[in-house]
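Working notes, structure below.
Atoms within each ligand, like the ligands themselves, are counted from 1 in listed order. Reckoned from all heavy atoms, side chains included, excluding hydrogens, waters and symmetry mates.
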Amino acid sequence: MKTVITYGTFDLLHVGHINLLRRAKALGDKLIVAISTDEFNALKHKQAYYSFEQRKTILEAIRYVDLVIPEESWDQKVKDVEKYNVDTFVIGHDWEGQFDFLKDQCEVIYLPRTEGISTTKVKTDLSER
Ligand code: C2G
């Protein structure tokens, strides 16, 4: 039973997010997604359109996702890997190298991002209509 975990805001869900989640799930048997709380988003200088509860509900409806937990701090990853017995940590390669400190606890994989789509791009394109 291989457990995979990933972290993110996942606001205005798009194909880039789905590609990441599908590939993350394919690396194991169970995928846990830690969704940034609204408060943690503020620390990332991000303001999500959808609230934490809405983003959590949306992610829980995705076939690749087995469990959704809150991401409240930068340093919870070490504890999460321990608590959920995680085998693999996955995230987009825009974070390349940032989470190598997890390598003594689990496999760390940075996956290529999906080009041409982002939550910011969606917001910008819509505002320019
Ligand atoms: N992603 C992707 N391709 C895109 C957009 C996003 O593969 N076109 C991936 C990101 O690399 C990330 C995940 O989808 O792995 C979620 O993206 P965000 O919600 O932007 O996550 P982020 O704000 O980078 O939060 O502690 C880690 C942070 O919480 C990550």
Original post:
Looking only at protein heavy atoms, which one is nearest to atom 19 (O) of ligand 1, and how far off is it?
Top reply: F10 N, 2.8 Å
Subject >> K25 with D66: basic N within carboxylate O range, under 4.0 Å >> reply: yes
Subject >> atom 14 (O) of ligand 1 [closest protein heavy-atom partner, distance rounded to 0.1 Å] >> reply: H17 CD2, 3.7 Å
Original post:
Do N85 and T3 have side-chain atoms, one donor and one acceptor, less than 3.5 Å apart?
Top reply: no
**OP:** Please indicate whether any nitrogen or oxygen in I117 is less than 3.5 Å from any nitrogen or oxygen in ligand 1.
**Re:** yes
Original post:
Which bit of L111 gets closer than 4.0 Å to ligand 1, counting heavy atoms only: side chain, backbone, both or neither?
Top reply: neither
**OP:** Give a yes/no on ligand 1: does E115 have at least one heavy atom closer than 4.0 angstrom to it?
**Re:** no
Original post:
Closest non-hydrogen protein atom to atom 25 (O) of ligand 1, residue and atom name please, with distance?
Top reply: K44 NZ, 2.9 Å
Original post:
What atoms of ligand 1 come closer than 4.0 angstrom to any heavy atom of Y7?
Top reply: 26 (O), 27 (C), 30 (C)
Original post:
Using a distance-only test with no angle check, is there a side-chain donor-acceptor pair under 3.5 angstrom linking S51 and Q54?
Top reply: yes
Original post:
Can you list the atoms of ligand 1 that are under 4.0 Å from a heavy atom of S36?
Top reply: 29 (O)
Original post:
With a cut-off of 4.0 Å, which atoms of ligand 1 are near a heavy atom of W95?
Top reply: 24 (O), 28 (C), 30 (C)
Original post:
Which residue and non-hydrogen atom of the protein lie closest to atom 26 (O) of ligand 1, and at what distance in Å?
Top reply: E71 OE2, 2.5 Å
Original post:
How does K77 reach ligand 1, if at all, at less than 4.0 Å between non-hydrogen atoms: by side chain, backbone, both, or neither?
Top reply: side chain
Subject >> Proximity to ligand 1 by part of T9, non-hydrogen separation under 4.0 Å >> reply: both
Original post:
Relative to the heavy atoms of G8, which atoms of ligand 1 are at a distance of less than 4.0 Å?
Top reply: 19 (O), 21 (O), 25 (O), 29 (O), 30 (C)
**OP:** Provide the closest heavy-atom pair for F52 versus P70 in the form atom of the first, atom of the second, distance.
**Re:** CZ-CB, 3.8 Å
Original post:
Can an N or O of G92 be found at a distance shorter than 3.5 Å from an N or O of ligand 1?
Top reply: yes
Original post:
Which ligand 1 atoms, with their elements, are less than 4.0 angstrom from a heavy-atom of D94?
Top reply: 11 (O)
**OP:** Would you mind checking which non-hydrogen protein atom is closest to atom 7 (O) of ligand 1, with the distance to 0.1 Å?
**Re:** R113 CA, 3.5 Å
Original post:
Which heavy-atom pair separates L31 from L21 by the least distance, and what is that distance?
Top reply: CD2-O, 3.6 Å
**OP:** Could you please spell out the steps behind the salt bridge (charged side-chain N to carboxylate O under 4.0 Å, His left out) verdict for K2 and D29?
**Re:** CA-CA 5 Å; K2 269 190 79 176; D29 309 289; over 6 Å; no
Subject >> S118 heavy atom under 4.0 Å from ligand 1 >> reply: no
Original post:
How far is atom 18 (P) of ligand 1 from its nearest protein heavy atom, and which residue and atom is that?
Top reply: K46 NZ, 3.7 Å
**OP:** Determine, using the 4.5 Å side-chain heavy-atom cutoff (strictly less than), whether L59 and F89 are members of one ILVMFWY cluster.
**Re:** no
Subject >> Non-hydrogen side-chain atoms of T88 and I5 separated by less than 4.5 Å >> reply: no
Original post:
Is a side-chain donor-acceptor pair under 3.5 Å present for D100 with Y110?
Top reply: yes
Subject >> N or O contact, L20 vs ligand 1, cut-off under 3.5 Å >> reply: no
**OP:** Looking only at non-hydrogen atoms, find the nearest pair between F99 and V108 and report the distance.
**Re:** O-CG2, 3.8 Å
Original post:
Is the NZ or CZ atom of K77 both under 6.0 Å from the centre of the six-membered ring of Y7 and within 45° of that ring's axis?
Top reply: yes
Original post:
Quick one: does H14 get within less than 4.0 Å of ligand 1, heavy atoms only?
Top reply: yes
Subject >> Donor-acceptor side-chain pairing of T9 and N41 below 3.5 angstrom >> reply: yes
